Amino acid sequence: MLRAGAAVLVTLAATAVDLDAGAPAPVGLLLVVNKGDHTLGIIDPVAGKMVATVTQSGVTGHEVAASPDGRTAYVPIYGDSGVGRPGSDGRTMDVIDIAARRRVATIDLGRAQRPHEARFGPDGRLYVTAEITNTVKVIDPRTNAVVDTLPTGQRESHMLALSRDGRTAYTSNVGAGTVSVIDVATRRVTTVVTVAKRAQRIALSPDGRFVFTADQDAPRLAVIDTRTNKLVRGVALPAVAYGTAPTPDGRFLVMALPGANQVGLLDLSSMEVARILDVPKAPQEVLVRPDGRVAYVSCDASGQVAEIDLDRLQVGRLIQAGPMADGLAWAAVSEKRPIE
């Protein structure tokens, strides 16, 4: 295993890295939010190209969630600025029929919220961070109505992770530099963990043991033990991290390092950086495909999605998306369907 200080720098391949011959093709679609033109992009991951876009109802979505059946996408309309910055304050969320490639509804959250990240819980409900009101809104997708509200107790609650059983929600609170631990059933903040002056993004290990968030003022990953809800360590990184996502087998945490234009692979057994890969400028979000063979990384400045081969630990294809590509989601389907 390579130590963090001696991590191998792998140069971006000029051509695509082919996955193993004969491997089953992924059954699903990759969704990407293009902030620059206010669209949701639909990518065919086999062909490696964006096959459609759907225009959002407002300015603008940052993140996207796909329904468990892969038929519907949900795009919170955040506003025209970034977290903690002055600008417009969104209050709606678009509902998009993926197969029809059109917006079928827009959910009004009732007041300015800056809704940001949406995630489905195991209860089938949709949980959406509402930054201005320091809450998580809970939506019933059958009625598109807000049915519950969870407090975060902190400002700028930006990103969200849910435990596998859906009993606990975790929010990264950017300006507060904290993580809120929320009991979903009682709607109560049980713990607030201070991790940094400013924190960004959040991920939960597949076994539910650790929560990860990235210090935005130092190249450091904060690690919280979910059994004690305490910060147990800070992992030194080669650059400041942003979006992160674990592989399903619990081997790696894939980390976007936007200032360095790189992606890092953190070995979760040793908590040391095992590999560094060059990608296009300003990588943002990381999504690991459900089969664990590929990670997709949106790259804001180039409007591309970098495909990371997790078997060979190499960068593969660069998929052209839209301007300022950001939020990602995987829309799984139960059977192979034509997408063009």
Side-chain angles (χ1 to χ4, degrees), residues 10-37 39-55 61 63-66 70-71 73 75 96 98-101 243 245 247-248 252 254-258 261-265 275-340:
V10 179
T11 303
L12 180 65
T15 57
V17 176
D18 296 327
L19 297 177
D20 295 339
V27 181
L29 296 165
L30 180 64
L31 308 179
V32 56
V33 177
N34 303 311
K35 292 186 298 188
D37 62 5
T39 64
L40 176 70
I42 301 173
I43 291 174
D44 175 353
V46 177
K49 66 178 181 179
M50 189 165 66
V51 296
T53 59
V54 179
T55 300
E63 302 291 329
V64 57
R71 297 181 181 277
V75 180
I96 293 169
I98 295 172
R101 301 175 185 174
T247 55
F252 292 118
V254 186
M255 308 176 296
L257 308 174
N261 305 324
Q262 293 172 336
V263 167
L265 301 179
R275 190 66 63 96
I276 297 292
L277 307 172
D278 281 342
V279 294
K281 189 175 181 181
Q284 299 289 299
E285 186 143 301
V286 179
L287 180 141
V288 177
R289 205 166 69 192
D291 63 9
R293 301 191 68 222
V294 170
Y296 299 100
V297 181
S298 58
C299 300
D300 178 288
S302 69
Q304 294 173 304
V305 175
E307 187 181 75
I308 310 294
D309 183 334
L310 292 173
D311 294 328
R312 300 179 183 178
L313 306 185
Q314 297 180 17
V315 176
R317 295 176 299 185
L318 299 179
I319 302 170
Q320 192 63 46
M324 299 179 68
D326 191 0
L328 299 170
W330 182 261
V333 293
S334 59
E335 60 184 19
K336 185 108 179 190
R337 300 196 293 258
I339 59 175
E340 291 194 272

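Along the sequence shown, residues are numbered consecutively beginning with 1. This one's a predicted model, so the numbers in the text were calculated from it and none came from an experiment.
The two residues W330 and A66 come nearest to each other via the heavy atoms O-CB, 3.6 Å. Considering every non-hydrogen atom in both S298 and D326, the closest pair reads OG-O, 2.7 Å. Annotation for A301 and A282: closest pair N-CB, 4.0 Å, computed over non-hydrogen atoms. Contact detail for A306 and V279: the closest heavy-atom pair is CB-CG1, 4.1 Å. The nearest pair of heavy atoms linking V64 to A73 is CG2-CB, 4.0 Å. In terms of heavy atoms, P280 sits closest to Q304 at CG-OE1, 3.5 Å.
For the side chain to side chain contact (heavy atoms under 4.5 Å, CB included) test with V54, the passing option among L31, T39, V75, I96 is I96; the others fail.
Using a 4.5 Å heavy-atom cutoff, the side chains of L310 and V254 are in contact. A heavy-atom distance below 4.5 Å is not found between the side chains of V263 and V286. By the 4.5 Å heavy-atom criterion applied to side chains, K35 and D300 are counted as neighbours. Taking 4.5 Å as the limit, every side-chain heavy atom of D309 sits out of range of all side-chain heavy atoms of V294.
To the nearest 0.5 Å, atom CD1 of residue I98 and atom CG of residue L40 are 7.5 Å apart. Within the model, atoms OH of Y296 and CZ of R289 stand 4.0 Å from one another, a figure rounded to the nearest 0.5 Å. Separation of atoms CD1 (I276) and CG (L313) is listed at 12.0 Å; rounding is to 0.5 Å. Atom CG of residue L30 and atom CD1 of residue I319 lie 6.5 Å apart, to the nearest 0.5 angstrom. Atom CE in M324 sits 8.0 Å away from atom CD in Q284 (nearest 0.5 Å). Between L277 atom CG and M255 atom CE the span is 10.5 Å, to the nearest 0.5 Å.
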Test log, rule side-chain contact (heavy atoms from CB on, under 4.5 Å), inputs N34 and M50: CA-CA 11 Å; N34 303 311; M50 189 165 66; 3.9 Å; yes

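For R293 and D291, the salt-bridge test fails: no basic side-chain N is under 4.0 Å from an acidic carboxylate O.
Under a 3.5 Å cut-off, the side chain of T247 and the backbone N or O of F252 do form a donor-acceptor pair. Proximity of a side-chain donor or acceptor of D44 to a complementary backbone N or O of V46 within less than 3.5 Å is detected. Of the possible polar contacts, one joining the R317 side chain to the P45 backbone as a donor-acceptor pair under 3.5 Å is found.
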